Amino acid sequence: MNVYTLLPFIVLIAVMFLMTRSAKKKQQQAANMRNEMQPGSGVRTIGGMYATVKEVTEDTVLLDAGPGVELIFAKNAIGAVLSDDEYNRIIHGIEHDLKSDSETVPDDASALAAADAEHKAVDFGKKDAVEETAAAETVEPAAKDDTVVDRPETAQPAEAPKKTDGDTDAK
């Protein structure tokens, strides 16, 4: 048998070995994460529910999902164990890195109206309506060869001669 005929099979077996090896590593990491869970840590289930661990047994986890809501999940149903900062950011909206002196969003629209009254209008450099109409009314004098200079504001489309039956655009 030729070596070149065995080469595709050898490559295929090597690829399968590498794929199963990486999958086993991921499974081992997930198992270690679940075994290191302790009461009080925040978790996300594979269904997307966030809760706090109350009790860990060999195969199950007791989760506190809210006031008076305790749920029992299989350990395999825990998708991720979250750090305290990440859990507080997701559940309570608490950011530890935010500055306390930053502006806050008001709860009602009256505070927004009062804030708008304090700010002055911003001039974006636009002309007043009076200046625009005065500029439009000025007409440039005709050139020496009697051609009319049209401004973009006053330009009007030229009328095409009306066609009668039998007239075409073809020449």
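Predicted model, so just to flag it, every value in this text is computed and none were measured.
The shortest side-chain heavy-atom distance between R34 and N76 falls under the 4.5 Å cut-off. Contact annotation: the side chain of K75 approaches that of N35 to within less than 4.5 Å [non-hydrogen atoms, C-beta and beyond]. Counting only heavy atoms from C-beta outward, the side chains of T45 and L63 approach each other to under 4.5 Å.
Tracing side-chain contacts under 4.5 Å through hydrophobic residues (I, L, V, M, F, W, Y), one reaches M33 starting from M37; they form part of the same cluster. Cluster annotation: V43 is connected to V56 through the hydrophobic network of ILVMFWY side chains, with a link wherever side-chain heavy atoms come within less than 4.5 Å. Linking ILVMFWY residues whenever their side-chain heavy atoms come closer than 4.5 Å, directly or via other members, places V53 and M49 in the same cluster. Linking ILVMFWY side-chain heavy atoms closer than 4.5 Å, directly or via other members, places V61 and V81 in a single hydrophobic cluster.
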Tell me which donor-acceptor pairs under 3.5 Å the side chains of residues 14-25 have, and how far apart each pair is, sequence neighbours excluded?
residue, atom, partner, partner atom, Å
T20, OG1, M16, O, 3.1
T20, OG1, F17, O, 2.9
S22, OG, M19, O, 3.0

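For A31, there are no side-chain contact (heavy atoms from CB on, under 4.5 Å) partners two or more places apart in sequence or in a different chain.
Sorted by first and then second residue, the side-chain hydrogen bond (donor to acceptor under 3.5 Å, both in side chains) pairs with a member in residues 47-59 read T52-Y87, K54-E70, T57-T60; sequence neighbours excluded.
The shortest non-hydrogen separation linking V69 to D64 is O-OD1, 3.2 Å. Listed here is the closest heavy atom pair of A65 and A51: CA-CB, 4.1 Å.
In I72, the CD1 atom is not crowded: 12 or fewer heavy atoms of neighbouring residues, nucleotides or ligands sit closer than 6.0 Å.
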